[in-house]
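One structure is given here, and the rest of the page talks about it.
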Protein chains: 2
Amino acid sequence: MAQGAMRAVVIREPGPPQVLEVREVPRPEPGPGEIRVQVAGSGINRADLLQRRGAYPAPPGWPQDIPGLEYSGVVEAVGPGVSLWRPGDAVMGLVGGGGYAEAVVVDEREALAVPRGMDPVEAAAFPEAWLTAWDAMVVQMGLSAGETVLIHAVGSGVGTAALQIARALGARTLGTSRTPAKLRKAEDLGLDVALDGGDAPWPDAVRDATDGRGVDVVVDLVGGPYVPGNLASVAERGRIVVVGVPGGTRADVDLRALMRRRASLTGTVLRARPREEKIALARDAARRLVPLVERAGLRPVTDRVFPPEQAPDAHEVMEANLNFGTLSIVWT
Amino acid sequence: MAQGAMRAVVIREPGPPQVLEVREVPRPEPGPGEIRVQVAGSGINRADLLQRRGAYPAPPGWPQDIPGLEYSGVVEAVGPGVSLWRPGDAVMGLVGGGGYAEAVVVDEREALAVPRGMDPVEAAAFPEAWLTAWDAMVVQMGLSAGETVLIHAVGSGVGTAALQIARALGARTLGTSRTPAKLRKAEDLGLDVALDGGDAPWPDAVRDATDGRGVDVVVDLVGGPYVPGNLASVAERGRIVVVGVPGGTRADVDLRALMRRRASLTGTVLRARPREEKIALARDAARRLVPLVERAGLRPVTDRVFPPEQAPDAHEVMEANLNFGTLSIVWT
């Protein structure tokens with residue numbers, strides 16, 4: 001490979017998984033306050049599938065033709081004025097795009113130390129799911145020890161992260177999934193009450209499991225049809241946060257129930273935020289989440305890793321919903 | 001009148017306004033930490049009409065047959081251990097029931113000083129509307145200087161209170177009403193942008209009036225049909241609080257819009273709260289709202305006062321929606 005070049009998985013044109021191909025592209029240089037990370041693993045997310053099909057462009061300022069929202073690796077170069085990191089530090093983090101590459105350049109404040117004891121490639125599955133769960137459930141909804149949380153799609157990447165964080169900070173966990181095997185795996189991760197998210201009346205089961213009180217927080221990764229049940233499931237001053245809407249984007253809300261319970265329904269996304277907010281989230285996670293993960297020995301749930309040439313296969317596996325846990329590209 | 005007796009407006013039986021009658025009832029005695037207030041004015045609220053018809057019973061621990069959620073007056077007796085008040089102090093506050101009486105007994109911590117310069121009877125129109133507006137808009141939604149708020153039904157009691165509070169703390173105000181005359185009166189109170197809440201597309205007007213950005217907070221006193229417009233009207237991280245739903249209790253919510261804007265929809269009620277929360281709200285209002293009202297010279301919007309014997313007339317006026325501002329009973 002030429003000096004100053006690197007390999008990356010590039011979207012040749014909008015289309016099916018086969019439009020992904022490995023190419024040599026210029027190796028980016030870190031500017032003031034930036035670090036270049038030699039990437040060990042690139043996490044794969046559903047948003048990448050949308051971006052590959054041309055339906056979800058990267059925000060301005062990020063590579064448009066290289067997908068990838070998260071990375072783990074080792075700092076290999078620092079720009080002027082960098083103070084948080086030195087070459088050789090193991091880091092991970094979110095990017096607005098360009099994560100499927102041998103190197104990424106990021107603002108030093110957006111990087112997080114890889115938690116002690118976590119495998120460098122495994123860490124590639126951490127940032128997107130865990131920062132999403134941390135931000136929605138803890139930073140925004142304020143879940144705290146002694147409270148109860150209901151997590152929908154508890155077997156998903158964000159769901160398993162939310163579950164583990166909730167347990168580590170002393171909350172009681174209820175979770176739904178339409179797949180019995182995913183519920184069993186979630187129970188292995190410590191889920192207290194596993195609920196069938198299919199046709200069964202899970203709101204009744206939530207009431208039963210909470211002595212009629214309801215839950216303090218709902219982390220909803222399903223959306224639409226679950227919202228009325230969420231409202232029926234929350235305790236007084238319950239907080240519902242909608243993180244994903246694969247189940248549907250419209251919800252019928254009973255305002256009288258919302259008022260009677262003094263409940264709230266909040267929507268959230270990470271990717272579209274201004275950089276300052278992303279930096280604030282990363283610094284908060286560095287200060288509070290990473291130590292929690294280290295102390296409790298938490299790990300992202302990973303499924304398989306692929307070499308970059310097999311990125312199309314990885315997208316096919318995710319598109320067919322065959323994975324439990326995260327898929328990653330490895331660059332070694 | 002017999003020693004230890006007082007007059008009160010009593011609900012003879014559930015029914016029309018004529019079931020209200022003035023009777024002699026025992027004058028209540030203050031217990032430890034309680035004060036007895038000689039009532040100057042008793043504010044009349046829509047909830048009283050519901051209670052009179054038997055549809056909205058008072059919470060446990062409050063008189064069931066005497067309506068009235070707010071009072072103003074003068075402390076005439078203090079129970080053991082009272083430290084905040086002395087006989088002769090001018091106070092006002094919320095009660096769970098029993099407000100239509102010559103005297104009320106309340107926990108000393110639930111009472112507020114009548115703001116300097118406010119007429120003692122006028123103050124009877126303050127607690128319910130202003131504490132509702134303060135709690136929903138400022139305590140819960142965190143409206144602050146430089147932000148923009150949209151207030152629906154801006155000519156109502158809570159609407160005019162929210163409008164005046166928002167202006168006093170340095171926020172920009174937009175308001176809707178279906179009644180042009182109420183919009184004009186709201187403009188006299190300082191409303192910055194008056195919007196037709198009828199069939200006109202007020203969400204478009206909100207966008208135009210905010211350079212396309214939208215508002216930071218919505219105080220919704222209408223409900224149902226306004227919720228989609230609220231979502232279209234909020235800025236990033238906008239907060240919508242639903243305080244009343246006379247327009248309808250069901251709302252169709254576009255979760256994708258909620259997520260994209262990272263907006264929240266919260267319901268609130270005052271009356272059903274645990275006493276501890278009501279006390280906390282009263283103490284916060286004493287510390288922050290009353291000084292703001294005094295500094296800015298704010299006043300509740302009052303319409304007419306009635307002697308207790310005319311309580312049926314007062315209910316008829318409110319039932320026919322003929323008042324702009326609050327109606328009160330006076331006990332002098």
Side-chain angles (χ1 to χ4, degrees), chain A residues 47 56 59 132 135-136 139-142 152 218-228 230-231 234-274 276-278 280-281, chain B residues 47 56 59 132 135-136 139-142 152 218-228 230-231 234-274 276-278 280-281:
Chain A
Y56 194 19
T132 295
D135 173 69
V139 178
Q140 292 193 62
M141 297 299 108
H152 292 308
V218 179
V219 177
D220 189 352
L221 306 164
V222 175
Y226 275 35
V227 169
N230 291 341
L231 266 174
V234 286
E236 199 165 304
R237 312 206 76 174
R239 298 91 77 191
I240 303 162
V241 61
V242 180
V243 183
V245 289
T249 64
R250 314 298 298 199
D252 176 32
V253 172
D254 176 352
L255 297 175
R256 212 182 281 279
L258 194 77
M259 291 172 69
R260 192 170 48 241
R261 300 211 160 85
R262 296 192 277 149
S264 67
L265 178 70
T266 303
T268 185
V269 288
L270 274 192
R271 197 188 197 186
R273 295 187 191 180
E276 289 64 37
E277 284 193 46
K278 290 181 178 169
L281 173 59
Chain B
Y56 193 16
T132 296
D135 173 69
V139 178
Q140 293 193 63
M141 298 298 107
H152 292 308
V218 179
V219 177
D220 189 353
L221 305 165
V222 176
Y226 275 36
V227 169
N230 290 341
L231 266 174
V234 287
E236 199 164 304
R237 312 206 76 176
R239 298 92 76 192
I240 303 162
V241 61
V242 180
V243 182
V245 289
T249 65
R250 316 296 301 197
D252 176 33
V253 172
D254 176 353
L255 297 175
R256 210 183 282 282
L258 195 77
M259 292 172 69
R260 191 169 52 239
R261 300 213 161 85
R262 296 193 275 147
S264 67
L265 178 70
T266 302
T268 187
V269 288
L270 274 193
R271 196 187 197 188
R273 297 188 189 177
E276 290 64 37
E277 285 193 46
K278 289 181 178 171
L281 172 59

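Below, read A as the first sequence line, B as the second, and so on, with proteins coming before strands; counting in each chain starts at 1. It should be emphasised that the depicted structure is a prediction, and the values quoted were computed from it without experimental measurement.
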Check side chain to side chain contact (heavy atoms under 4.5 Å, CB included) between A/Ala136 and all other residues, then give those that pass, not counting sequence neighbours.
-> A/Val241, A/Val243, A/Thr268
Not counting sequence neighbours, which residues clear side chain to side chain contact (heavy atoms under 4.5 Å, CB included) with A/Glu236? List them please.
-> A/Arg262, B/Pro274, B/Glu277
Report yes if some heavy atom in the side chain of A/Leu258 is under 4.5 Å from a heavy atom in the side chain of B/Leu265; otherwise report no.
-> yes
Check: B/Val227 and A/Leu255 side chains under 4.5 Å, non-hydrogen atoms | yes
Could you tell me whether A/Arg256 atom CZ has more than 12 heavy atoms of other residues or ligands within 6.0 Å of it?
-> no
Is B/Arg250 close to A/Asp254 at the side-chain level, that is, under 4.5 Å between some pair of heavy atoms?
-> yes
4.5 Å side-chain heavy-atom contact, B/Val245 and A/Met259 = yes
Cut-off 4.5 Å, heavy atoms of chain B, and the answer for A/Ala251 is both
Rounded to the nearest 0.5 Å, what separation is found between the CD atom of A/Gln140 and the OG atom of B/Ser264?
-> 9.0 Å
With a 4.5 angstrom heavy-atom cut-off, could you sort out which part of A/Arg273 is near chain B: side chain, backbone, both or neither?
-> both
